A.B. asks: 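Take this structure first; my questions come after.
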Amino acid sequence: MVDPLTLLAFVPAALALNLTPGADMMFCLGQGMRFGPKASVAASAGISLGGMVHVTLAGLGLGALVAAVPWAFDVIRWVGVAYLLWLAAQTFRGGTKQQTGAVPPSAFRGALIVSLTNPKVILFVLAFVPQFVVPEAGPVLIQFLIFGAVLSLGGFVINALVGIFAGGLGRKLAGGGQALRWISSGIFVALAARLAVLERA
């Protein structure tokens with residue numbers, strides 16, 4: 001369905017994008033610091049699943065609705081802001097203590113929500129992936145899914161590694177629970193602020 005040369009050109013471009021710090025990477029970093037490596041892997045899986053949902057919507061043409069209808073973009077964006085601020089408040093209050101051996105449900109679920117409520121992701125998919133899609137080569141949706149799988153797999157590996165590294169840092173800070181809560185809460189607040197000032201391209 002996808003020309004091998006086109007796929008070969010897509011892989012390094014996707015890798016460069018995966019390596020660019022963003023909300024997904026920061027969320028996995030925060031989960032790794034707070035709960036350890038397993039939570040960062042779960043969070044990375046949630047981010048990757050959210051990315052595949054965005055790619056599927058874009059391939060079906062539904063993503064164009066978000067790009068064209070301003071209020072749809074803003075509703076999704078502010079839901080994401082509210083959720084991130086809620087996570088920041090929960091973390092700051094110490095509602096969940098660091099447990100490096102356990103994976104909190106919020107790791108996967110929270111990452112999925114963060115990904116799905118970030119409209120910039122679907123706008124990016126609409127701008128980036130179609131450059132590599134060749135309608136004559138086969139069904140457009142299948143091509144979107146293949147390119148999306150490459151993006152999601154690369155993102156999963158990179159974000160998980162970032163979170164695992166942060167997990168080691170979190171263990172060192174575990175003795176200072178207040179400092180760890182401040183750092184983790186700060187990450188969520190920064191992500192909320194970044195999403196709040198996001199403008200439609």
Side-chain angles (χ1 to χ4, degrees), residues 11-55 79-122 124-125 148-195 198:
V11 169
L15 182 60
L17 292 168
N18 291 145
L19 288 169
T20 303
D24 49 1
M25 186 178 291
M26 293 300 292
F27 186 87
C28 293
L29 185 147
Q31 290 295 299
M33 286 186 64
R34 184 75 177 156
F35 298 106
K38 291 181 180 179
S40 69
V41 173
S44 186
I47 292 291
S48 294
L49 177 58
M52 284 303 298
V53 172
H54 281 301
V55 169
V79 168
V81 170
Y83 180 71
L84 287 166
L85 290 176
W86 179 81
L87 284 178
Q90 291 291 103
T91 302
F92 182 75
R93 286 201 300 265
T96 49
K97 299 178 181 179
Q98 188 190 32
Q99 302 174 26
T100 55
V103 179
S106 60
F108 179 84
R109 183 185 64 236
L112 179 60
I113 293 173
V114 166
S115 180
L116 293 178
T117 56
N118 186 356
K120 189 173 183 179
V121 175
I122 198 166
F124 163 77
V125 169
V150 172
L151 273 171
S152 294
L153 179 60
F156 172 76
V157 172
I158 291 170
N159 291 327
L161 289 175
V162 168
I164 289 171
F165 171 79
L169 180 60
R171 283 193 294 273
K172 293 179 180 178
L173 294 172
Q178 185 175 359
L180 187 58
R181 287 198 302 272
W182 273 95
I183 293 172
S184 299
S185 297
I187 290 174
F188 292 134
V189 170
L191 290 176
R194 181 174 180 270
L195 190 56
L198 180 66

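None of these values were measured; they are calculated from a predicted model. In what follows, residues are counted from 1 in the order of the sequence shown.
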A.B. asks: Locate the shortest heavy-atom distance separating Gln31 from Ala43; write the atom from each residue and the value.
C.D. replies: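 Scanning both residues completely, I find the closest heavy atoms to be CG-CB, 4.0 Å.
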A.B. asks: Return the NE2 to CG distance between His54 and Leu49, rounded to the nearest 0.5 Å.
C.D. replies: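 Between His54 NE2 and Leu49 CG, I get 10.0 Å after rounding to 0.5 Å.
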A.B. asks: Only pairs under 3.5 Å count here: list side-chain donor-acceptor contacts from residues 151-161, not counting sequence neighbours, and write none if there are none.
C.D. replies:
from	atom 1	to	atom 2	distance (Å)
Ser152	OG	Ser48	O	3.3
Ser152	OG	Gly148	O	3.0
Asn159	ND2	Gly155	O	3.0

A.B. asks: Return a table of donor-acceptor pairs under 3.5 angstrom between the side chains of residues 109-116 and protein atoms on other chains or two or more places apart.
C.D. replies:
none

